[in-house]
Amino acid sequence: MSITCVSEFPCAPGKIDELIKIFHESLPLARGISGCEKIYFSISETDPNVAVTFEIWNSKIDHEKYLSQLTANGTLSDIQFCLSGFPKFNFFNNFNNF
């Protein structure tokens, strides 16, 4: 069973363009990682300082490997620098029999 991770990034005022640039560079690489099915990046229409990713992975372990890569290459630090708080990660089990 695959999982969906919804990640919310509360961006600091004036940093959204920098955050978009980071994701613009990192998400095409993430889509090539084993276990990644899809990743979408969105900016809230009601709060332009909130970005969200919708990620579909084969497993939570695959997502954890991805986060480890982001930590190792410094991308997670770059993302955190753009934020006004910590990112929030929610995981959901995908049911394929509906």
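In this chain, numbering begins with 1 at the start of the sequence shown.
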With rounding to the nearest 0.5 Å, note down the distance linking CZ in Phe86 to CZ in Phe9. 13.5 Å
State the CG-OG1 distance between Leu67 and Thr75, to the nearest 0.5 angstrom. 11.0 Å
With distance as the sole criterion, is a donor-acceptor pair present between the side chains of Asp62 and Ser59 under 3.5 Å? yes
Should we count CG of Asp17 as having more than 12 external heavy atoms under 6.0 Å? no
Nearest heavy-atom contact between Trp57 and Ser2 is O-CB, 3.1 Å
Trace of the side chain to side chain contact (heavy atoms under 4.5 Å, CB included) decision for Ile33 with Gln69: CA-CA 10 Å; Ile33 294 173; Gln69 288 180 0; 3.1 Å; yes
Cluster link Phe41 to Val50, ILVMFWY, side chain under 4.5 Å: no
Is there a path of hydrophobic side-chain contacts, each under 4.5 Å between heavy atoms of I, L, V, M, F, W or Y residues, that connects Phe23 with Ile56? no
Least distance between heavy atoms, Ile43 atom then Ala51 atom: CD1-CB, 3.8 Å
Using 0.5 Å steps for rounding, measure from the OG atom of Ser26 to the OH atom of Tyr66. 5.0 Å
Quick check: closest heavy atoms across Gly85 and Gln80, and the distance to 0.1 Å? O-NE2, 3.2 Å
Note: Cys36 and Arg31 closest approach over all heavy atoms is SG-CA, 3.8 Å
Gap separating the CZ atom of Phe89 from the NE2 atom of His63, nearest 0.5 angstrom: 6.0 Å
Distance-only, no hydrogens or angles: does the Glu37 side chain make a donor-acceptor pair with backbone N or O of Glu55 under 3.5 Å? no
Rounded to the nearest 0.5 Å, how far apart are NZ of Lys65 and CG of Leu70? 14.5 Å
My understanding is that only residues two or more places apart in sequence, or in another chain, count here; which of them pass side-chain hydrogen bond (donor to acceptor under 3.5 Å, both in side chains) with Asn49? none
Any chance you could measure Leu83, atom CG, to Glu18, atom CD, to the nearest 0.5 Å? 10.0 Å
Quick check against the 3.5 Å criterion: does Thr4 have a side-chain atom that pairs as donor or acceptor with the backbone of Phe92? no
Side chain to side chain contact (heavy atoms under 4.5 Å, CB included), that's the test. Do Lys15 and Phe81 meet it? Break it down for me. CA-CA 9 Å; Lys15 294 286 190 175; Phe81 180 73; 3.1 Å; yes
Do you reckon Ile3 sits in the same ILVMFWY cluster as Ile61, going by side-chain contacts under 4.5 Å, direct or chained? no
Contact summary for Cys11 and Cys82, nearest pair of heavy atoms: SG-O, 3.3 Å
Taking a hydrophobic cluster as the set of Ile, Leu, Val, Met, Phe, Trp and Tyr residues connected by side-chain heavy atoms closer than 4.5 Å, whether directly or through intermediates, do Phe91 and Leu76 fall within one such cluster? yes
